[in-house]
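Below is one structure; the comments refer to it alone.
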Amino acid sequence: MARPENDTFLRALLRQPTDYTPTWLMRQAGRYLPEYCATRKRAGSFLQLCKSPALACEVTLQPLARYPLDAAILFSDILTVPDAMGLGLYFAEGEGPRFERPLREEWEIRNLAAPDPNAHLRYVMDAVAEIRRALKNSVPLIGFSGSPFTLACYMVEGGGSEDYRTIKTMLYSRPDLLHRILDVTATAVTDYLNAQIESGAQAAMVFDTWGGMLPEWAYKEFSLAYMERVIANLKKTQDGERVPSIVFTKGGGQWLEAIAAIGVDAVGLDWTTDIGAARRRIGDRVALQGNLDPVALFASPEGIACEAKRVLDSFGQHSGNSGHVFNLGHGISQHVHPDSVTVLIDTVRQYSRGFHGAFSPPG
C-alpha cells in the first residue's frame with residue numbers, strides 16, 4: 001500500500017525534508033475530549049473500550065476529526081500484553097490498573113510464556129486493521145507497546161507503585177528471575193509489535209515509562225538491552241514501505257547517546273531535556289520526538305504559543321537530514337481544555353514552516 005496522503009510524520013522520522021514540523025500527542029485520544037468520555041461511558045469500562053475494535057477505532061479517530069494531527073495512534077493500553085500472559089488485568093476505580101496474579105513466586109516466573117498476539121490479542125490486531133481502513137490512507141497509524149522493563153514493573157508489583165520496591169528488590173537480590181521475566185516479555189513485545197505492523201501499523205513506538213528510575217548500569221542491563229533486542233527484531237518494512245521505530249524513556253535524558261545507538265529511528269524526549277541540546281548530542285543519528293511540558297497546556301493561548309515556539313526555536317533550522325516530530329514530553333492531562341490543543345497544533349503548523357528550507361524562522 002502506498003504512503004499516506006499526509007506522510008509528513010513518516011518523513012520526519014526518517015529525517016527526510018518536510019514542509020513543516022509534524023505533530024501528534026501522547027494520549028491524544030483521552031479524557032480531555034468530551035466525545036471520548038461519551039464513548040467510554042457507552043463502552044461500560046476502559047477495558048471493554050480497549051477490547052472492542054469498533055470502539056477503539058472510534059476513539060482513535062476522534063482527535064483527528066477535531067485537530068489537523070499528522071498521525072493517529074492505536075487506542076489501547078500497554079498492559080494488554082501481560083493480561084494476555086494470564087495475569088488478570090483489571091482497573092480499580094481511583095487506583096488505576098491492577099493484576100490479580102502478579103509475578104512473585106519463582107515457579108510462576110519459570111512458567112511465564114509469550115502469548116501468540118494473533119490469538120490472545122486478536123482484538124488489538126482487528127482494531128489496527130479497522131483503524132487503517134477508516135483512515136483511508138489520510139495519515140499514518142502508530143502502533144505501540146510498553147517496554148519489557150516497564151511491563152515487568154506492573155507484572156511484579158501488581159500495579160502502579162510509589163517506589164517500585166518489589167521489582168527493584170528482585171533486581172538486586174534475584175537478577176536471574178528478573179532477566180527471565182524480561183526475556184519472555186521482550187519476545188512478547190517483539191511479536192506484538194510485528195503483528196501490529198502486519199495488521200497495518202506504519203510506525204512502532206516503545207514506551208519505557210519506568211526505565212528512567214533505574215541507576216545507569218541497571219538501566220542499560222535491564223531496560224535498554226531488552227529494547228535493543230526488540231528493535232533489532234522488528235519488521236523494518238511492510239508492503240514495500242519503511243516502518244520507523246521510536247523509543248521513549250521517561251527520565252532518560254542522561255542516556256540519549258546510548259538510546260540512539262540501539263538502532264532506533266527516533267528518540268522521544270520528556271520535557272526535562274532541552275531539545276536543542278539533544279539535537280547537538282544525537283540528532284545527526286536519529287530523529288527526535290518531543291517535548292513540550294504537558295502542563296504548559298494549562299497556560300493562556302499566548303503562553304501555549306510561546307512555549308511551543310520555544311521548543312521549535314530550540315530545535316532550530318532543518319536541513320535535508322534532520323527530523324523533528326513535535327509532541328508533548330508525556331501524556332496529555334485529562335483536565336486540559338480541548339481549545340488549548342487547537343492553539344498548540346495551529347502554532348506548530350504555522351510557526352514551524354519558517355524552519356524548513358532556506359528561510360529564517362518568522363519573528
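Both backbone and side-chain heavy atoms feed into the values below; hydrogens, waters and symmetry mates do not.
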Between Ala114 and Val184, what is the shortest heavy-atom contact and its length? N-CG1, 3.4 Å
Report yes or no: do Val325 and Ile73 belong to one cluster of Ile/Leu/Val/Met/Phe/Trp/Tyr joined by side chain heavy-atom distances under 4.5 Å? yes
Partner set under salt bridge (charged side-chain N to carboxylate O under 4.0 Å, His left out) for Lys51, not counting sequence neighbours: Asp83
Would you mind telling me which of Leu344, Leu25, Thr342 makes a side chain to side chain contact (heavy atoms under 4.5 Å, CB included) with Tyr67? Thr342
Aromatic ring proximity, centroids under 6.0 angstrom, Phe222 and His179: yes
Are the side chain of Arg11 and the backbone N or O of Gln16 linked by a donor-acceptor pair below 3.5 Å? no
Contact between Ile131 and Leu135 at the side-chain level, heavy atoms closer than 4.5 Å - yes or no? yes
Would you call Leu47 and Leu89 a side-chain contact if the rule is heavy atoms closer than 4.5 Å? yes
Can you list everything that forms a ring pair (Phe, Tyr, Trp, His ring centres under 6.0 Å) with Tyr32? Sequence neighbours excluded, please. none
Quick test of your reading of the model: are Arg40 and Glu58 salt-bridged, counting only N-O distances below 4.0 Å? no
Under 4.5 Å between any side-chain heavy atoms of Asp163 and Met213, yes or no? no
Got a sec, which residues hit salt bridge (charged side-chain N to carboxylate O under 4.0 Å, His left out) with Glu257, two or more places apart in sequence or on another chain? Arg281
Counting distance only, does the side-chain N/O of Asn6 pair as donor-acceptor with the main-chain N or O of Thr8 below 3.5 Å? yes
Please confirm whether Arg279 makes a cation-pi placement over Phe315, using NZ or CZ under 6.0 Å from the six-membered ring centre and within 45° of the ring normal. yes
Hydrophobic clustering (ILVMFWY, side-chain heavy atoms < 4.5 Å, transitive) - are Met155 and Leu214 grouped together? yes
Please test Glu241 against Gln202 for side chain to side chain contact (heavy atoms under 4.5 Å, CB included), starting from the C-alpha separation and ending with a verdict. CA-CA 8 Å; Glu241 295 288 345; Gln202 293 152 292; over 6 Å; no
Please indicate whether Trp217 has more than 12 foreign heavy atoms, meaning atoms of other residues, nucleotides or ligands, lying under 6.0 Å from its CH2. yes
Heavy-atom distance under 4.5 Å between the side chains of Pro82 and Leu103, does that happen here? no
Would Tyr226 and Phe149 count as a ring pair (Phe, Tyr, Trp, His ring centres under 6.0 Å) if you check the C-alpha gap in whole Å, the side-chain angles of each, and the deciding distance to 0.1 Å? CA-CA 8 Å; Tyr226 288 95; Phe149 179 75; 9.5 Å; no
I'd like to check the side-chain hydrogen bond (donor to acceptor under 3.5 Å, both in side chains) partners of Asp274; sequence neighbours left out, ordered by chain and number. Ser314
Which pairs pass salt bridge (charged side-chain N to carboxylate O under 4.0 Å, His left out) with one or both residues in residues 261-270, sequence neighbours excluded? Arg242-Asp265
Does any N or O in the side chain of Ser333 come within less than 3.5 Å of the main-chain N or O of His335, such that one atom is a donor and the other an acceptor? yes
Taking C-beta and beyond as the side chain, do His356 and Thr21 meet within less than 4.5 Å on heavy atoms? yes
With sequence neighbours excluded, tell me which residues meet side-chain hydrogen bond (donor to acceptor under 3.5 Å, both in side chains) with Thr23. none
Are any side-chain N or O atoms of Gln62 and backbone N or O atoms of Tyr36, one a donor and one an acceptor, separated by less than 3.5 Å? yes
Tell me yes or no: between the side chains of Ser45 and Gln48, is some donor less than 3.5 Å from an acceptor? yes
Cluster check Phe144, Leu121: I/L/V/M/F/W/Y, side chain < 4.5 angstrom: yes
Run the side chain to side chain contact (heavy atoms under 4.5 Å, CB included) test on Leu269 and Gln289 for me, step by step, so that the C-alpha distance in whole Å, both residues' side-chain angles and the decisive distance to 0.1 Å come before the verdict. CA-CA 6 Å; Leu269 307 173; Gln289 180 174 278; over 6 Å; no
Taking only residues two or more places apart in sequence or in another chain, which ones pass salt bridge (charged side-chain N to carboxylate O under 4.0 Å, His left out) with Lys236? none
For the side chain of Ser161 and the backbone of Glu157, is there at least one donor-acceptor N/O pair under 3.5 Å apart? no
Would a 4.5 Å heavy-atom cut-off, applied to side chains only, mark Asn233 and Thr187 as touching? no
Ignoring hydrogens and angles, state whether a donor on the side chain of Asn291 or Asn327 is under 3.5 Å from an acceptor on the partner side chain. no
Under the side-chain hydrogen bond (donor to acceptor under 3.5 Å, both in side chains) test, which residues partner Ser173, sequence neighbours left out? none
Listed partners of Glu130 passing salt bridge (charged side-chain N to carboxylate O under 4.0 Å, His left out), at least two apart: none
Does Glu35 come within less than 4.0 Å of Arg66, counting only side-chain N to carboxylate O? yes
Determine whether more than 12 heavy atoms belonging to other residues, nucleotides or ligands lie under 6.0 Å from atom CG of Asn118. yes
Membership question, hydrophobic clusters at under 4.5 Å side-chain separation (ILVMFWY): are Leu177 and Met85 in the same one? yes
Where does the angle between the aromatic ring planes of Phe75 and Phe46 fall among parallel (under 30°), tilted (30 to 60°) and perpendicular (over 60°)? perpendicular
Check: Arg98 side chain, Phe91 main-chain N or O, donor-acceptor pair, under 3.5 Å: no
Side chains of Pro148 and Met227 in contact at under 4.5 Å (non-hydrogen atoms): yes
Taking Leu112's backbone N and O only, do any of them form a donor-acceptor pair with Arg180's side chain (distance below 3.5 Å, no angle check)? yes
Contact list for residues 285-296, test salt bridge (charged side-chain N to carboxylate O under 4.0 Å, His left out), sequence neighbours left out: none
Centroid-to-centroid, Trp210 to Tyr164, below 6.0 Å? yes
Is the closest side-chain heavy-atom distance between Pro63 and Leu33 below 4.5 Å? yes
Begin from the C-alpha positions of Met170 and Ile109 and carry the test side chain to side chain contact (heavy atoms under 4.5 Å, CB included) through to its verdict. CA-CA 12 Å; Met170 182 184 290; Ile109 294 169; 3.9 Å; yes
Kindly indicate, with the supporting measurements, whether the criterion side chain to side chain contact (heavy atoms under 4.5 Å, CB included) is fulfilled by Gln196 and Lys235. CA-CA 10 Å; Gln196 289 183 41; Lys235 292 174 70 74; over 6 Å; no
Please tell me whether Tyr154 and Phe99 form a close aromatic pair, meaning their ring centres lie under 6.0 Å apart. no
Tell me, yes or no, whether the heavy-atom count around Arg110 atom CZ, taken from other residues, nucleotides or ligands under 6.0 Å, exceeds 12. yes
Does Asp77 have any side-chain hydrogen bond (donor to acceptor under 3.5 Å, both in side chains) partners at least two apart in sequence or in another chain, and if so, which? none
Determine whether Phe326 and Tyr20 fall in the same hydrophobic cluster, where Ile, Leu, Val, Met, Phe, Trp and Tyr are linked whenever their side-chain heavy atoms lie under 4.5 Å apart. no
Considering all heavy atoms of both residues, which atom of Pro102 and which atom of Gly158 are nearest to each other, and what is their separation? CB-CA, 3.7 Å
With distance as the sole criterion, is a donor-acceptor pair present between the side chains of Thr150 and Ser147 under 3.5 Å? yes
Residues pairing under salt bridge (charged side-chain N to carboxylate O under 4.0 Å, His left out) where one sits in residues 181-202, two or more places apart or in two chains, turn out to be Asp183-Arg229
